[in-house]
Number of protein chains: 2
Amino acid sequence: MKFSVKTEYGLRAMIELALRNGDGLIGAREIAARQQIPERFLEQQITALKRAGLVISQRGSSGGCSLARGADEITVLEVIEALDGLVIDMDCINNKIHSCSQVAQCVIQEVWQGSQVKLREYLGSVTISDLVKRQEQLKDGARVKS
Amino acid sequence: MKFSVKTEYGLRAMIELALRNGDGLIGAREIAARQQIPERFLEQQITALKRAGLVISQRGSSGGCSLARGADEITVLEVIEALDGLVIDMDCINNKIHSCSQVAQCVIQEVWQGSQVKLREYLGSVTISDLVKRQEQLKDGARVKS
DNA sequence: GCATTTCCGAGCTTCCCAGTCGGATTTATG
DNA sequence: CATAAATCCGACTGGGAAGCTCGGAAATGC
């Protein structure tokens, strides 16, 4: 049970984009370099984010991408689900299989379902903007300390 | 992001044990047969549950296992963590690595941490006894319908 | 002693994640 | 128009983990 690195990379990219929002388009190469992420790999995640409508992009030289909305209007949940699909996927409920011949399975699926709801609730309450703000806090804290 | 079948098997076994609590020891073979779980595989999970102190067991012929406490005193969280370790494991926070050279990573780790807390909170609030009761409800519902 | 059970460790197969890569398409610029 | 730079698309791969099997040792009732 862990979050994929895809989502971590995706979130880091979104933070980077949020920091430089308004500066026009930013290339995947640049984001990758700044965040130390394999470039060709990040490319794919950005494409996925674009398909999900969280990012807009333009091809060609001097192309790049930027946030599709304000950083405070994009939740962590959206980013995760754009990259990895549902936060918790269950064969029984999400997919069409629904092979609950055994009643006990259904009961357990309800627990997975409940987990899903709780997680989505939380992750949906955190925005990219929150992350950026929190990051500033951490940086300031470190500066004061040193 | 999904729960392992180990945990599903483990929970189903616990439900089975809860249903027949007080009837003495029950063999892994029997549980496996009833719940249609690969026997030798279930064996291992039961051993893990025993090591975690959720189940007591006795070897030898007419050996078997039973719940170590009341079904209302065992949470789903305990079962899951006994079988799969922490619900959400993060290299940065749980383990010793703590390689947050990049500040952005730490911010994200806080989100994982938050998810962990929420999930544990929820899963810790559901007991095996709850599952059994809920299962009865479902069965009754089906009976009325038909 | 023998059957039956839990217990321990090793091994095996299949699948998926993380990452790479070749190349097609689009576009600004000279 | 040519070229360089960027996104985009699809296929491929290596490694590691999940799911499961298996052989056999230790315990225990009959």
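The structure presented is a predicted model; accordingly, all values stated were derived computationally and were not measured. Order of the sequence lines fixes the chain letters, A, B, ..., with proteins taken first and strands second; residue numbering starts at 1 for each chain.
At whole-Å resolution of the value, CD1 in A:Ile31 and P in D:dT7 are 8 Å apart. The CD atom of B:Gln45 sits 15 Å away from the C1' atom of C:dG9 (whole-angstrom rounding). A straight line from CD of B:Gln44 to C1' of D:dA17 spans 15 Å, rounded to a whole angstrom. A straight line from CZ of B:Arg29 to P of C:dT5 spans 6 Å, rounded to a whole angstrom. The CG-C1' distance, from B:Leu42 to D:dG19, rounds to 13 Å in whole Å. Rounding to whole angstrom units, CD1 of residue B:Ile56 and P of C:dC7 are separated by 11 Å.
Annotation: of the two residues near DNA chain D, A:Thr47 and A:Ser62, the 5′-most nearest-nucleotide partner is A:Ser62.
If you check C:dC7, D:dC8, D:dT21 against the side chain of A:Ser57, the one that comes closest is D:dC8. In this structure, the nucleotide among C:dT26, D:dC9, C:dT6 sitting nearest to the side chain of A:Arg59 is C:dT26.
The two atoms that bring B:Leu83 and B:Gly10 nearest to each other are CD1-CA, 3.7 Å, heavy atoms only.
Between B:Lys133 and B:Glu136, none of the side-chain N atoms (NZ, or NE/NH1/NH2) sits under 4.0 Å from a carboxylate O, so this pair counts as no salt bridge. A salt bridge does not link A:Glu8 to A:Lys2: none of the charged nitrogens lies less than 4.0 Å from a carboxylate oxygen.
Aromatic ring pairs are classed by plane angle as parallel below 30°, tilted from 30° to 60° and perpendicular above 60°; the pair A:Tyr9 and A:Phe41 is perpendicular.
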Show me the protein contacts with nucleotides 13-18 of chain C, counting only N or O atoms at under 3.5 Å.
{"residue": "C:dA18", "atom": "OP1", "partner": "A:Val5", "partner atom": "N", "Å": "2.9"}

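Taking 4.0 angstrom as the limit, B:Arg51 places a side-chain polar atom (N or O) nearer than this to OP1 or OP2 of C:dC8.
Among the heavy atoms of the strands lying under 4.0 Å from B:Gln58 are primed sugar atoms or P, OP1, OP2 only; no base atom is included.
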